[in-house]
Amino acid sequence: MNLHETPSVFFPFDNSYARLPDRFFAKLTPSPVRAPQLIRLNEALAEHLGLDPESLSSPEGIEILSGNRVPEGAEPLAMVYAGHQFGNWVPQLGDGRAILLGEVIDRDGVRHDIQLKGSGHTPFSRMGDGRAVLGPVLREYIVGEAMAALGIPTTRALAAVTTGEQVAREQLLPGAILTRVAQSHVRVGTFQFFAARGDEEALRLLADHVINRHYPDASGSDHPYRALLDAVIARQAQLIARWQLIGFIHGVMNTDNMSIAGETIDYGPCAFMDTYHPETVYSSIDQMGRYAYANQPRIAQWNLAVLAQSLLPLFGDDEDVAVAQAQDSINRFPGLLEAAYLSGMRAKLGLVQERAGDTKLAHDLLNCMAENKADFTLTFRGLCDVSAADPEADAAVRGLFEDPVAFDCWAGRWRERLDQEGNSDDMRQTAMRAVNPAYIPRNHLVAEVIKAATENGNFALLEKLMTVLASPYEERPEYARYRIPPRPEQVVHETFCGT
Ligand code: AMP
Ligand code: MG
């Protein structure tokens with residue numbers, strides 16, 4: 001090989017899902033696209049996965065990231081699953097526009113799926129074209145990477161390419177493909193698919209695969225499948241608590257969009273709240289507010305009950321006992337979530353000790369924010385600046401409230417509570433700034449990036465936004481524009497699936 005040539009692309013694939021029986025997937029290759037161009041490669045993630053960023057961004061790499069070439073060792077397949085969409089049962093869904101290339105093991109020994117999203121027709125495409133549009137691909141890239149930087153479990157974006165083709169939606173839009181990385185793409189809906197068919201053998205194989213891959217501790221339990229359910233419930237409780245604490249609204253919490261590994265997955269019409277209100281909904285397809293911010297914990301429990309139901313055949317022959325066990329597990333979810341939420345909320349408020357009135361103190365702040373249309377992110381970040389000794393330092397944060405006096409009332413109680421902690425302001429402020437971000441992917445910022453990319457092929461704003469969001473807790477004067485809420489004319493009221 002010529003020393004100046006880029007090394008050819010190498011993925012150290014080890015494809016455990018592809019070794020499951022044929023009825024778990026359809027094997028097929030991605031459909032080629034006309035003129036792929038790389039938008040962005042996540043170099044740090046590539047390196048973490050043991051991939052070479054330079055070769056991935058070479059022409060050969062771009063051919064792979066666009067589905068025009070299947071890399072050595074890949075076993076491309078579309079996974080089958082079912083699901084409840086907005087509560088309605090759909091017996092067969094599956095990857096309609098995504099193809100799993102294979103799995104690699106990262107530098108920490110964690111296995112990851114490498115999937116192309118938007119890579120063409122599959123047997124599960126139903127009426128869809130198997131393609132993805134640039135806007136939603138950028139949204140998933142931005143929001144997913146922002147979540148990762150915020151420390152919230154999520155699928156990741158390895159790369160995005162444009163395809164050089166137009167995709168027909170309400171209008172013609174540029175096509176794109178996201179390369180997505182997940183601990184796995186097994187969903188609640190994957191279990192539902194086999195449970196609904198009474199295919200107990202497949203159910204067991206799937207459960208064993210998941211235990212092996214994500215919950216190895218469960219295999220040592222007396223009841224591995226019950227331990228599996230409990231472990232999934234625990235991870236989801238942590239995850240949903242994190243969403244609530246950061247003001248994230250998923251938008252489409254269908255059972256087929258809930259990951260068994262406990263990662264945030266399938267970013268569609270998702271959004272971060274600007275002004276706090278518990279009933280906030282952005283998704284244009286969520287007319288009833290089923291997936292509104294405040295409903296997310298309840299919906300997660302509903303989805304987990306569906307998972308429990310699907311696992312019942314593995315819980316033993318005595319149906320009554322199995323149902324009672326599953327019910328017991330499900331009933332523990334609200335308590336787990338509440339505990340994770342309260343512990344996170346204490347940290348957001350700078351409280352280390354646990355006191356009985358803390359839940360009420362937090363709820364009263366949130367109510368006051370809702371009544372006074374305060375910005376969620378700025379309020380908590382603003383509290384970091386408040387100094388317990390000096391009421392004057394309240395000015396910025398109290399100005400976020402329509403009636404600043406309402407904030408003053410609450411702040412008085414908060415100060416009394418802080419006094420009981422006995423920590424220095426400095427320590428408290430540093431700790432609070434590590435959990436209350438200054439920067440989130442605000443909708444108007446995401447919309448601005450998508451508009452520039454779609455209308456002008458301009459990706460400079462994307463690069464800038466990704467830089468800002470990579471260090472969400474670290475405030476920089478030069479990023480002031482990224483911190484502030486939208487002006488009235490910039491407010492995004494609705495987000496779309498883009499399917
Ligand atoms: P989502 O709303 O992205 O979670 O997708 C729900 C289901 O519709 C999944 O089975 C997808 O694979 C499928 N789907 C979404 N968009 C398309 C598309 N453009 N072509 C084919 N299938 C799609
Ligand atoms: Mg989905």
Side-chain angles (χ1 to χ4, degrees), residues 24-26 28 30-31 33 67 76-100 113 115-141 143-144 154-155 157 163 165-193 196 249-271 281-287 290-291 299-300 303 306-307 494-499:
F24 281 68
F25 45 70
L28 79 175
S31 309
V33 297
L77 59 85
M79 293 166 69
V80 69
Y81 50 86
H84 279 90
Q85 299 191 310
F86 290 89
N88 301 309
W89 170 237
V90 186
Q92 182 168 310
L93 290 160
D95 292 332
R97 53 163 167 173
I99 291 181
L100 175 65
D113 280 2
Q115 189 204 58
L116 301 181
K117 185 169 175 181
S119 50
H121 262 120
T122 79
F124 313 121
S125 295
R126 296 178 295 163
M127 306 299 281
D129 58 6
R131 292 301 183 189
V133 173
L134 177 59
V137 163
L138 292 180
R139 180 184 299 278
E140 178 155 1
Y141 197 122
V143 181
T154 177
T155 61
T163 59
E165 295 176 0
Q166 300 272 79
V167 176
R169 293 295 180 261
E170 269 149 32
Q171 61 193 105
L172 283 179
L173 291 163
I177 296 174
L178 180 78
T179 305
R180 181 161 75 175
V181 176
Q183 285 198 24
S184 85
H185 284 86
V186 176
R187 304 140 193 274
V188 169
T190 321
F191 282 91
Q192 286 181 273
F193 178 81
I249 304 168
H250 182 283
V252 209
M253 290 175 70
N254 294 332
T255 56
D256 52 299
N257 291 339
M258 183 182 254
S259 153
I260 286 293
E263 293 180 320
T264 313
I265 193 171
D266 276 5
Y267 293 91
C270 60
V281 177
Y282 287 100
S283 168
S284 62
I285 54 172
D286 191 4
Q287 302 291 339
R290 178 181 168 90
Y291 301 137
I299 287 293
N303 290 350
V306 168
L307 175 65
E494 253 187 347
T495 51
F496 300 88
C497 265
T499 42

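Indexing begins at 1, ligand by ligand and atom by atom, following the structure's order.
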**Q.** Which of the ligand 1 atoms, numbered from 1, are nearer than 4.0 Å to a heavy atom of Asp266
**A.** 4 (O)
Q | Contact check, Arg126 vs ligand 1, heavy-atom distance below 4.0 Å | A | yes
Q. Hey, what's the angle at the Mg ion (ligand 2) spanning OD2 (Asp266) and OD1 (Asn257), nearest 10 degrees?
A. 80°
**Q.** Sub-4.5 Å side-chain heavy-atom contact between Val167 and Asp129
**A.** yes
Q) Does His121 use its side chain to pair, donor to acceptor, with the backbone of Gly128 at less than 3.5 Å? A) yes
Q. Counting each atom of ligand 1 from 1 as listed, which ones have a heavy atom of Arg131 under 4.0 Å away?
A. 19 (N)
Q | Least distance between heavy atoms, Asp256 atom then His84 atom | A | OD1-O, 3.9 Å
Q: For residues Leu93 and Gln85, report the shortest heavy-atom separation together with the two atoms involved.
A: CD2-NE2, 3.6 Å
Q: State, yes or no, whether a side-chain contact exists between Cys270 and Thr495 at a heavy-atom distance under 4.5 Å.
A: no
Q. If you count the atoms of ligand 1 from 1 in the order shown, which ones are under 4.0 Å from a heavy atom of Arg169?
A. 19 (N)
Q.
Only heavy atoms of Gly130, strictly under 4.0 Å: list the atoms of ligand 1 that pass.
A. 18 (C), 19 (N), 20 (N), 21 (C)
(Q) Counting the benzene-type ring for Trp, do Tyr291 and Phe86 have ring centres under 6.0 Å apart? (A) yes
Q: Kindly indicate whether the side chain of Thr163, heavy atoms from C-beta on, has any atom under 4.5 Å from the side chain of Ile177.
A: yes
(Q) At less than 4.0 angstrom from any non-hydrogen atom of Tyr81, what atoms of ligand 1 do you find? (A) 9 (C), 10 (O)
Q. Does any N/O atom on Gly94 come nearer than 3.5 Å to any N/O atom on ligand 1?
A. yes
Q | Where ligand 1 meets Gln85 - atom numbers and elements under 4.0 angstrom, heavy-atom basis | A | 6 (C)
Q: Under 4.0 Å from a heavy atom of Asn257: give me the atoms of ligand 1 that qualify, with their elements.
A: 4 (O)
